[in-house]
Asker: 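Before I ask anything, here is the structure I am working with.
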Amino acid sequence: DESYIMKDQTRQGESEEGEHAGEVDIQICYNGLPVVMIEGVKISSLEKNTLDTHMNKVLTKYDPNGCPYAFLIIYTTVKNFGLGYQKILEYFQKYDYPYSRETDLVDESTEYGELKHAQIVLNRNNQKTRVHIWTAHII
């Protein structure tokens, strides 16, 4: 409805280098306030530095206010998607998030063979930030 506004490729927050405003992939606002941050990345294997950069963008660099929902969408061309997703899941289970964990990272059922979902809840200044990690296999 008209209470929701979607912004894409807008500049806000801080770029990775910290010199300019960042370029947000997608932000959803409700009644003028940001509620969802979405960051996408394409990888061909477990590219830890790339994943770190994009998780950092969606949680801190582009979101100075602390949106309640953050989505990292990972598009991967890895040949063995099951194994590739397991590596991503294990990486984010041990990840050093910038906020304390309220829950463990949980692998959620999607009922799709080429789309996986995991989520974790973080505590950001006594407010919950639900982080959703979606991994899509690009064939």
Side-chain angles (χ1 to χ4, degrees):
D1 81 38
E2 293 180 15
S3 300
Y4 289 94
I5 298 171
M6 187 176 73
K7 300 177 182 181
D8 65 341
Q9 304 299 311
T10 57
R11 294 181 100 30
Q12 72 177 44
E14 184 178 295
S15 69
E16 189 62 28
E17 299 80 28
E19 297 174 8
H20 306 286
E23 193 172 291
V24 175
D25 283 353
I26 299 174
Q27 179 184 66
I28 299 173
C29 298
Y30 178 70
N31 288 332
L33 296 173
V35 292
V36 178
M37 299 295 294
I38 302 172
E39 176 70 14
V41 60
K42 182 179 176 187
I43 60 173
S44 59
S45 64
L46 183 63
E47 299 171 27
K48 294 177 182 179
N49 289 337
T50 302
L51 292 173
D52 288 351
T53 296
H54 288 273
M55 183 62 83
N56 189 40
K57 286 179 181 181
V58 77
L59 288 178
T60 61
K61 293 290 186 179
Y62 294 172
D63 183 21
N65 300 311
C67 285
Y69 298 94
F71 287 74
L72 179 62
I73 313 293
I74 302 167
Y75 301 97
T76 182
T77 57
V78 66
K79 297 223 184 287
N80 184 333
F81 182 57
L83 181 59
Y85 175 69
Q86 267 316 117
K87 288 180 179 181
I88 291 169
L89 192 62
E90 289 170 11
Y91 180 68
F92 282 117
Q93 283 173 335
K94 298 174 185 172
Y95 192 75
D96 185 21
Y97 294 95
Y99 311 110
S100 63
R101 297 170 185 234
E102 290 269 323
T103 67
D104 289 329
L105 182 69
V106 177
D107 182 24
E108 302 285 350
S109 174
T110 66
E111 299 185 18
Y112 293 95
E114 308 299 329
L115 181 65
K116 303 294 183 187
H117 174 221
Q119 71 171 316
I120 186 169
V121 179
L122 304 177
N123 181 320
R124 183 173 178 170
N125 294 319
N126 296 318
Q127 296 296 317
K128 291 180 180 179
T129 298
R130 289 159 182 82
V131 180
H132 296 269
I133 302 168
W134 286 89
T135 306
H137 190 211
I138 302 172
I139 300 172

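This structure is a prediction, so every number in the text was calculated from the model and none was measured. If you read the sequence from its start, that first residue is 1, and numbering goes on from there.
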Asker: On a heavy-atom basis, which atom in Tyr75 and which in Ile138 lie closest, and how many Å separate them?
Answerer: CB-CD1, 3.2 Å
Asker: Using the rule that Ile, Leu, Val, Met, Phe, Trp and Tyr join whenever any side-chain heavy atoms are under 4.5 Å apart, tell me whether Leu115 and Phe71 fall into a single cluster.
Answerer: yes
Asker: Taking side chain to side chain contact (heavy atoms under 4.5 Å, CB included) as the test, write out the residues that go with Arg101, two or more places apart.
Answerer: Tyr97, Ile120, Leu122
Asker: Are the side chains of Asp25 and Tyr62 in contact, using a 4.5 Å heavy-atom criterion?
Answerer: no
Asker: Can you measure from CD1 (Ile133) to CD (Glu39) and round to the nearest 0.5 angstrom?
Answerer: 13.0 Å
Asker: The test is side-chain contact (heavy atoms from CB on, under 4.5 Å); show your working for Ile74 and Phe92 and say whether it passes.
Answerer: CA-CA 12 Å; Ile74 302 167; Phe92 282 117; 4.1 Å; yes
Asker: Kindly give the heavy-atom pair with the smallest separation between Arg124 and Asp63, and that separation in Å.
Answerer: NH2-O, 2.9 Å
Asker: Identify the heavy atoms of Pro34 and Pro68 that sit nearest to each other, and give their distance.
Answerer: O-CD, 4.3 Å
Asker: Where is the tightest heavy-atom contact between Gly84 and Val78, given as atom of each residue plus distance?
Answerer: CA-CG1, 4.2 Å
Asker: Do the side chains of Leu83 and Ile88 join up, straight or via other hydrophobic residues, at under 4.5 Å, putting them in one cluster?
Answerer: no
Asker: Quick check on Asn125: does its CG atom have over 12 non-hydrogen neighbours (other residues, nucleotides or ligands) under 6.0 Å away?
Answerer: no
Asker: Contact between Thr53 and Val41 at the side-chain level, heavy atoms closer than 4.5 Å - yes or no?
Answerer: no
Asker: NZ of Lys79 to OG of Ser44: how many Å apart, nearest 0.5 Å?
Answerer: 9.5 Å
Asker: Looking at Ala70 and Leu59, what are the two nearest heavy atoms and their distance?
Answerer: CB-CD2, 3.9 Å
Asker: With sequence neighbours left out, what residues match Ile139 under side chain to side chain contact (heavy atoms under 4.5 Å, CB included)?
Answerer: Glu114, His137
Asker: Report whether Ile73 and Tyr112 are members of the same hydrophobic cluster (ILVMFWY, side-chain heavy atoms less than 4.5 Å apart, transitive linking).
Answerer: yes
Asker: For Leu89, give me all partners under side chain to side chain contact (heavy atoms under 4.5 Å, CB included), at least two apart in sequence or on another chain.
Answerer: Tyr85, Gln86, Gln93, Leu105, Asp107, Ala118
Asker: Enter the distance from Lys48:NZ to Met55:CE here, rounded to the nearest 0.5 Å.
Answerer: 14.5 Å
Asker: Same cluster or not: Val131 versus Val106, using hydrophobic residues (I, L, V, M, F, W, Y) connected whenever any side-chain heavy atoms lie under 4.5 Å apart?
Answerer: no
Asker: Would you mind reporting whether Val58 and His54 have side-chain heavy atoms less than 4.5 Å apart?
Answerer: no
Asker: Please report the interatomic distance NE2(His117) to CD(Glu111), rounded to the nearest 0.5 Å.
Answerer: 13.5 Å
Asker: Would you give the length of the straight line joining atom OG1 of Thr76 to atom NZ of Lys116, rounded to the nearest 0.5 angstrom?
Answerer: 13.0 Å
Asker: So do the side chains of Thr60 and Tyr99 get within less than 4.5 Å of each other, counting heavy atoms only?
Answerer: yes
Asker: Using 0.5 Å steps for rounding, measure from the CD atom of Gln119 to the CD atom of Glu108.
Answerer: 4.5 Å
